[in-house]
Amino acid sequence: MRQSDICVVMNAGSGKGEDAERVRAAFKALDVPVTLQLVTDGSRITAAARKALKDGFPTIVAAGGDGTICAVAAALRESDHTMGILPLGTFNYFARSLDLPQELEAAVEVICKGRTAPIRVATINDRVFLNNASLGIYPAILETREDIYGRWGRSRTAAYWSVLKTLARMGRPMRLRITADGVERMVSTPLAFVVNNAFQLEQIGLDGVDRIAAGELVVFIAHDSGRLGMVRHALALAVGNAEKERNFELMSGKEVRIEIITRRRKPHQVARDGERERIGSPYDLKVVPQGLTVTVPEGWDATVR
């Protein structure tokens with residue numbers, strides 16, 4: 001028989017080893033029973049969340065970074081269950097966009113004492129993402145980042161170093177056909193970056209908050225400026241002074257299609273909220289309004305996250 005209404009699905013590979021005990025202690029301090037499901041294989045997080053759904057837990061908590069949160073959201077999408085967030089990652093864009101505390105104990109208190117709000121999600125070929133989805137150089141950056149994290153630990157400095165290291169061995173740009181709400185453009189680019197989070201745009205110094213407020217996805221297309229130019233663009237993003245016209249072209253729409261123009265018909269690496277997988281072209285991206293019900297702080301009243 002289940003003894004709690006809250007199941008925490010925790011990525012055992014995120015954060016520090018003592019986080020699991022801290023999670024248990026934080027809920028116990030509030031006298032709230034909790035079931036903790038530790039997942040050592042990140043690819044099994046969505047399955048663990050679906051099992052928690054099947055077991056009838058009204059609230060399922062994602063404990064980890066943005067990738068973990070996205071994986072749990074994939075299971076809860078358009079369900080009548082509530083998702084809680086314990087941000088244990090490096091950037092925590094989704095949690096920060098909801099004004100959730102970054103301290104574990106305070107985040108647990110929001111889950112237990114906060115309120116719920118409907119939050120929009122987005123999909124790429126029916127796969128959920130919360131913050132961003134991308135093609136091209138960024139998935140390669142993530143692969144390098146995981147290698148650097150494994151050697152030196154997780155940090156923002158390591159994340160930025162992975163950008164420069166990957167750009168140093170950048171290959172040929174992609175040839176893409178991008179259609180956003182019926183407007184088509186052919187481009188040659190090393191990176192197409194689709195954003196669903198206004199907070200992240202503000203953090204990296206890019207326009208588009210008004211487009212997200214209008215219910216659209218924002219597509220940034222990096223200029224094909226060679227290796228040195230891409231290094232400059234990456235550094236501009238890292239220090240938060242990227243400029244739309246100088247570094248990127250911008251498109252937006254509630255429905256976006258991206259097609260890779262190539263003779264080789266094979267799946268390409270796609271990144272969703274920091275996690276990589278191979279998906280075949282074309283890529284159909286859509287906004288799903290009110291796709292999740294999430295616990296948020298009592299004072300959170302933003303209309304755009």
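The basis for the numbers below is simple: all heavy atoms, side chains too, and nothing from hydrogens, waters or symmetry mates. Sequence positions, counted from 1, serve as the residue numbers for this chain. Computed from a predicted structure; not experimentally measured.
- No side-chain heavy atom of Lys51 sits less than 4.5 Å from a side-chain heavy atom of Gln37.
- Arg211 has its side chain within reach of Leu250: a pair of non-hydrogen atoms, C-beta onward, lies under 4.5 Å apart.
- Although no hydrogens or angles enter the test, the distance criterion places a donor-acceptor pair under 3.5 Å between the side chain of Asp66 and the main chain of Phe94.
- Using a 4.0 Å cut-off between a side-chain N of Lys or Arg and a carboxylate O of Asp or Glu, Glu105 and Arg22 qualify as a salt bridge.
- Residues Thr123 and Val288 meet the side-chain proximity criterion, which asks for heavy atoms closer than 4.5 Å.
- Of all heavy-atom pairs between Ala26 and Val108, the closest is CB-CG2, 3.7 Å.
- A side-chain donor from one of Ser4 and Thr35 sits under 3.5 Å from a side-chain acceptor of the other.
- In this structure, the side chain of Asn197 engages the main chain of Phe199 through a donor-acceptor pair within 3.5 Å.
- Cluster annotation: Leu104 is connected to Leu30 through the hydrophobic network of ILVMFWY side chains, with a link wherever side-chain heavy atoms come within less than 4.5 Å.
- Ala73 and Leu292 make their closest contact through CB-CD1, 3.6 Å (heavy atoms, listed as atom of the first residue, atom of the second, distance).
- Under the 3.5 Å distance criterion, the side-chain polar atoms of Arg96 are matched with a main-chain donor or acceptor of Phe91.
- Judged purely by atom type and a 3.5 angstrom limit, Thr189 uses its side chain to pair as donor or acceptor with the backbone of Ala222.
- Atom CD1 of Ile261 and atom CG of Leu176 lie 7.5 Å apart (nearest 0.5 Å).
- Considering only heavy atoms from C-beta on, Leu191 comes within 4.5 Å of Ser134 through its side chain.
- Taking both residues in full, the closest heavy atoms of Val32 and Cys112 are given as CG2-SG, 3.7 Å, listed atom of the first, atom of the second, then distance.
- Taking CZ from Arg177 and CE from Met186, the interatomic distance works out to 5.0 Å, rounded to the nearest 0.5 Å.
- Side-chain atoms of Asn132 do not come within 3.5 Å of backbone N or O of Val194 as any donor-acceptor pair.
- Note that the OG1 atom of Thr59 and the CE atom of Met83 stand 11.5 Å from one another [nearest 0.5 Å].
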Kindly indicate, with the supporting measurements, whether the criterion side chain to side chain contact (heavy atoms under 4.5 Å, CB included) is fulfilled by Met10 and Leu88. CA-CA 9 Å; Met10 183 172 182; Leu88 302 178; 3.8 Å; yes
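- Rounding to the nearest 0.5 Å places OG1 of Thr46 at 10.0 Å from CG of Leu76.
- With hydrogens and angles disregarded, no donor-acceptor distance shorter than 3.5 Å links the side chain of Asp5 to the backbone of Phe57.
- Smallest separation of non-hydrogen atoms from Ala52 and Ile60: CB-CD1, 3.7 Å.
- Going from atom OG1 of Thr179 over to atom CD1 of Ile258 covers 9.5 Å, rounded to the nearest 0.5 Å.
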Could you go step by step and tell me if Arg44 and Asn11 meet the side chain to side chain contact (heavy atoms under 4.5 Å, CB included) rule? CA-CA 9 Å; Arg44 301 296 302 165; Asn11 185 349; over 6 Å; no
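- Using a 4.5 Å heavy-atom cutoff, the side chains of Leu86 and Ile111 are in contact.
- Crowding of Arg185 atom CZ: a count of heavy atoms from other residues, nucleotides or ligands under 6.0 Å exceeding 12.
- Here the side chain of His268 pairs a donor or acceptor atom with the backbone of Lys266 at under 3.5 angstrom.
- Side chain of Ser281 to backbone of Ile260: a donor-acceptor contact under 3.5 angstrom is found.
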Using the side chain to side chain contact (heavy atoms under 4.5 Å, CB included) rule, take Thr262 and Arg175 through it: C-alpha gap first, then chi angles, then the decisive distance, then the call. CA-CA 7 Å; Thr262 178; Arg175 185 68 175 162; over 6 Å; no
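- Distance alone, capped at 3.5 Å, places no donor-acceptor pair between the Asn131 side chain and the Asp273 backbone.
- With values rounded to the nearest 0.5 angstrom, Leu206 atom CG is found 6.5 Å from Leu201 atom CG.
- A donor-acceptor contact shorter than 3.5 Å links the side chain of Arg278 to the backbone of Pro267.
- In this structure the side chain of Leu36 never reaches within 4.5 angstrom of the side chain of Phe27, judged on heavy atoms.
- For the pair Pro101 and Pro87, the tightest heavy-atom approach, listed with the atom from each and the gap, is O-CG, 3.4 Å.
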Kindly indicate, with the supporting measurements, whether the criterion salt bridge (Lys or Arg N to Asp or Glu O under 4.0 Å) is fulfilled by Arg257 and Glu184. CA-CA 9 Å; Arg257 167 168 279 207; Glu184 182 180 304; over 6 Å; no
For a salt bridge (Lys or Arg N to Asp or Glu O under 4.0 Å) check, start with the C-alpha distance between Glu275 and Arg272, then their side-chain angles and the critical distance, and finish with the verdict. CA-CA 5 Å; Glu275 300 298 321; Arg272 294 181 297 122; over 6 Å; no
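- Partner of Met251 under the side chain to side chain contact (heavy atoms under 4.5 Å, CB included) criterion, chosen from Val219, Leu217, Val218, Asp181: Val219.
- Scanning both residues, Pro289 and Val287, for their nearest heavy atoms gives CD-O, 3.5 Å.
- Counting heavy atoms from C-beta outward, Gln200 and Leu130 have side chains that stay 4.5 Å or more apart.
- Looking at Ile45 and Val72, their side chains come closer than 4.5 Å, going by heavy atoms from C-beta outward.
- For the side chain to side chain contact (heavy atoms under 4.5 Å, CB included) with Arg305, the lone residue among Ile212, Asn196, Val294, Val296 that qualifies is Asn196.
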Please lay out, stage by stage, how Gln102 and Asn92 fare under the test side chain to side chain contact (heavy atoms under 4.5 Å, CB included). CA-CA 8 Å; Gln102 300 302 289; Asn92 300 319; 3.0 Å; yes
